[in-house]
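Atoms within a ligand are numbered from 1 in the order they appear, just like the ligands themselves. The shown structure was predicted, so the numbers you read here are calculated from the model rather than taken from an experiment.
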Amino acid sequence: MSVQISPSILSADFTNLAAELARVGNADWVHVDVMDNHFVPNLTLGLPVVEQLVKVSPRPVDCHLMIADPDRWAPGYAEAGAASVTFHVEAAHAPVRLARQLRAQGARAGMGLKPATPVEPYADLLAEIDMLLLMTVEPGFGGQPFLEVVLPKIRRARELIRSSGAQVWLQVDGGVSESTIERAAEAGADVFVAGSAVYGVEDAAAAVETLRAMAERACCR
Ligand code: DX5
Ligand code: ZN
């Protein structure tokens, strides 16, 4: 299990996104939050912007779709070149069909769960996905505090992944920082999204390295 860091550009300077992406060239991914003001009470950016970001990003794009009807819209993001496309299970009408379609397009298929959505009903779907995203804040905004209440679900999800035998990455998103990443890693997460903890400091690349080192130490205790 290797640790990966996916900085979220939600906390970046939106007037200068190409330069902001270049600041995190040492990360594993670039996390792009798409919000539609329906699934979440916030609006960010959509397909035309992602199409452009994919062209200039130094790292593969990890697209997090916080949108209604991902069955209809998610394939467009794979088509645009996002290497990973995560839809929310609460919004998907046919998650298995959607995950298969994303994979058939050559993207990694991610399935996201809000903090109060239990993971157990989806155990049989693990073989259909490449990444399980457990939100550690209510989706919609950056800079919120990490929800400790999700830690037991991270542990249970890691166990389900282990017993399924599937190669599924376990991503956490929301409130991940130097003060919380070790607990998330110790619970079993291996892909860490961090917005304000990376873009809210002067040296974003150094923040990526610090977070990676902390997670690596904690994950293998
Ligand atoms: C929230 C987004 C996150 C957000 C995280 O709904 O999905 O990716 O950018 O921001 P921080 O790391 O500041 O909590
Ligand atoms: Zn996100």
Side-chain angles (χ1 to χ4, degrees), residues 3-14 17 20-21 23-24 27-46 49-50 53 57 59-68 70 73-74 77 82-92 107-117 130-151 154 169-185 189-202 204-205 207-208 210-212 214-215:
V3 163
Q4 301 183 71
I5 306 293
S6 187
S8 164
I9 60 163
L10 189 60
S11 298
D13 176 358
F14 269 47
L17 283 177
E20 290 287 73
L21 291 175
R23 289 174 70 197
V24 295
D28 299 280
W29 295 86
V30 167
H31 184 87
V32 177
D33 290 302
V34 175
M35 305 187 191
D36 67 350
N37 203 28
H38 290 277
F39 182 69
V40 289
N42 196 6
L43 186 65
T44 52
L45 50 84
V49 178
V50 172
L53 290 177
S57 179
R59 306 303 301 148
V61 168
D62 163 29
C63 213
H64 178 195
L65 302 178
M66 286 159 278
I67 60 172
W73 302 110
Y77 291 85
S84 177
V85 178
T86 297
F87 60 87
H88 268 268
V89 75
E90 300 89 350
R108 296 180 60 86
M111 187 173 74
L113 274 62
K114 297 204 282 184
T117 304
D130 300 293
M131 184 166 78
L132 180 67
L133 160 61
L134 298 184
M135 290 302 300
T136 41
V137 297
E138 289 299 339
F141 300 91
Q144 304 180 77
F146 183 85
L147 291 174
E148 302 278 331
V149 71
V150 181
L151 285 171
I154 300 172
W169 295 347
L170 183 52
Q171 184 179 61
V172 284
D173 180 8
V176 173
S177 71
E178 286 180 32
S179 30
T180 58
I181 195 166
E182 288 169 307
R183 270 168 289 164
D190 56 2
V191 185
F192 302 86
V193 177
S196 45
V198 170
Y199 279 107
V201 300
E202 208 172 284
V208 167
T210 303
L211 290 170
R212 191 201 305 285
M214 292 182 83

For [atom], grab the closest protein heavy atom and report residue, atom and distance to one decimal in Å.
atom	result
atom 1 (C) of ligand 1	Phe141 O, 3.5 Å
atom 6 (O) of ligand 1	Gly140 N, 2.8 Å
atom 13 (O) of ligand 1	Ser196 OG, 2.5 Å

State whether the shortest distance between N or O atoms of [X] and N or O atoms of ligand 1 falls below 3.5 angstrom.
X	result
Gly142	no
Gly195	yes
His64	yes
Gly175	yes
Asp33	yes
Gly143	yes

Contacting atoms of ligand 1, where contact means under 4.0 angstrom from a heavy atom of Met66: 6 (O), 7 (O)
Numbered atoms of ligand 1 (with element) below 4.0 Å of His31, judged on heavy atoms: 8 (O)
Pair Asp62-Ser6, side-chain donor/acceptor within less than 3.5 Å: yes
Val208 side chain near Pro7 side chain, heavy-atom distance below 4.5 Å: yes
Val32 side chain reached by Leu45 side chain, heavy atoms, under 4.5 Å: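 They are in side-chain contact.
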Ligand 1 versus Ser8: contacting region, heavy-atom distance under 4.0 Å: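 Within the 4.0 Å criterion, Ser8 contacts ligand 1 through side-chain atoms alone.
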Restricting to N, O or S, what is the name of the atom of [X] that lies nearest the Zn ion (ligand 2)?
X	value
His64	ND1
Asp173	OD2
Asp33	OD1

Selected option - heavy-atom contact closest to atom 5 (C) of ligand 1, from Val198, Asp173, Leu65, Asn42: Asp173
Residue that, paired with Phe146, satisfies side chain to side chain contact (heavy atoms under 4.5 Å, CB included) out of Leu151, Ile181, Val137: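 Testing Phe146 for a side chain to side chain contact (heavy atoms under 4.5 Å, CB included) against Leu151, Ile181, Val137 leaves exactly one candidate, Leu151.
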Distance, nearest 0.5 Å, that separates NE2 of His88 from NZ of Lys114: 8.0 Å
